[in-house]
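Just below is one structure, and these are the notes that go with it.
For ligands, and for the atoms within them, numbers begin at 1 and follow the listed sequence. The figures that follow rest on heavy atoms only: side chains count, while hydrogens, waters and symmetry mates do not.
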Amino acid sequence: MSTAIKLPSDSAKVAARDLVAGFDVERVRSDFPILHQRVNGHQLVYLDNAATSQKPKAVIDAIVRYYEHDNANIHRGVHYLSQRATEEFESARKVVQSFINAAEPREIIFVRSATEAINLVAQTYGRQHLGIGDEVLITAMEHHYNIVPWQLLCEEKQAKLQVAPINDRGELIPAEFERLLNSRTRIVALGHVSNALGTINPIKQITAMAHARNIPVLVDGAQAAPHVRIDVQQLDCDFYAFSGHKIYGPTGIGVLYGKAAVLEAMPPYQGGGDMISSVTFEKTTYNKLPHKFEAGTPDMSGAVGLRAAIEYLNRVGIENVAEYEHELLTYATQKVSAIPGVRLIGTAKEKAGVLSFIMDGVHPHDIGTILDQEGIAIRTGHHCAQPVMQRFGVDATARASFALYNTKEEVDVLVRGIQKVQEVFG
Ligand code: PMP
């Protein structure tokens, strides 16, 4: 396989402990201990990366190092370890800031996950701005996580959830989307990349349409962050949410980016320690950003692990990852769609990381079970996107999703696995 993808010139300056110059997938694979095991008698082929990705040794080591050397509660301690843990945590915030090109560190709020980020915005910005008859505009390809928080809000406020349609390839129809924007729309919330279809949405175009009507835009970036360069200033979105565990970091840590002025004007989310500046029984005043939205002891080791994951991605180069994965997806799309009786669900022109498919006469669950016997991990089901399934007239799909450590050889194993499924059900 071709591995002739070059690192960007500035990465030579970074201490590349884990990577040699050039995108060497075998070298990348050697950084991920979990990949090197046999499952059901076969070399593991892990193609469930959209659910969660595996962790490089650099991330695992960073978490161990944090607990062995730096752990203390942050922000309030005068002692040495507390200050060092605070520095670690705040330096992770700066690494996230530059990863998504936010203007300031205080625009980065550490949360538990993308899910919590979306709920935070719905319960603060949403509750503050929605009234009876107002509207929230989402799309027909959203994950449940970007549907249900808005439904809860709309129910409470007697507001309306509007849903922009998608075409048969699984793409947003910008003109239809624009038609649904109106004077009652209070917020737009959409995924950057669909977890069920792989579609990359034209976020910049959407934010321009919404901002022309002074409507803020929340982007669910859970599936985009591992695959594409994110520049929140260039996208001009008001909020951007993603989870650490999908970008090679630990579980339990996620990020909400918000434009400082928008976050400043929002009420707090959860109450507790760290989010206050003073408390009396009569009146509490709130801390400044970002702490206003970070009540209680945060996931310090998670932030340190996320920093290590981003530094790892930076060393590989996200553009290299995007290019390599694009090559892999193109190869997999050709191979899998050429198998008679297999239909791809989600054939957008702009796609990342995901290959969803169904097979004549075989339930996706059975596909997943037989592939598992071959050591191949894929996901089957509705992928927390039941409305997408309804749109395509299916109950479920089989989904292979790719990461920077997957190879064309693994795609070949997947293809042979699918052929085996056909033999079993033939
Ligand atoms: N949005 C999308 C598009 C997702 O795929 C997921 C995870 N499957 C989420 C949001 C939620 O991420 P998490 O479970 O990490 O909160």
(request) Please list all pairs passing the side chain to side chain donor-acceptor pair (under 3.5 Å) test where one or both residues lie in residues 245-258, with sequence neighbours left out. (result) Thr52-His245

(request) Kindly write out the residues that satisfy side chain to side chain contact (heavy atoms under 4.5 Å, CB included) with Glu374, not counting sequence neighbours, or none if the list is empty. (result) His42, Ile376, Lys420

(message) If the condition is side chain to side chain contact (heavy atoms under 4.5 Å, CB included), which residues does Asp412 pass it with, not counting sequence neighbours?
(response) Tyr331, Lys335, Arg416

(request) Compile the protein residues with any heavy atom at a distance under 4.0 Å from an atom of ligand 1; present them by chain, then by number. (result) Ser113, Ala114, Thr115, His143, Tyr145, Asn195, Asp220, Ala222, Gln223, Ser243, His245, Lys246

(message) Tyr405 and ring-ring contact (aromatic ring centres under 6.0 Å, His included): which single residue from Tyr324, Phe32, Phe23 fits?
(response) Phe32

(message) Please determine whether side-chain contact (heavy atoms from CB on, under 4.5 Å) holds for the pair Tyr269 and Lys292, giving the CA-CA distance in whole Å, both sets of side-chain angles, and the decisive distance to 0.1 Å.
(response) CA-CA 8 Å; Tyr269 179 44; Lys292 182 169 95 173; over 6 Å; no

(request) Report yes or no: does Thr199 contribute a side-chain atom to a donor-acceptor pair with the main-chain N or O of Asn201 at less than 3.5 Å? (result) no

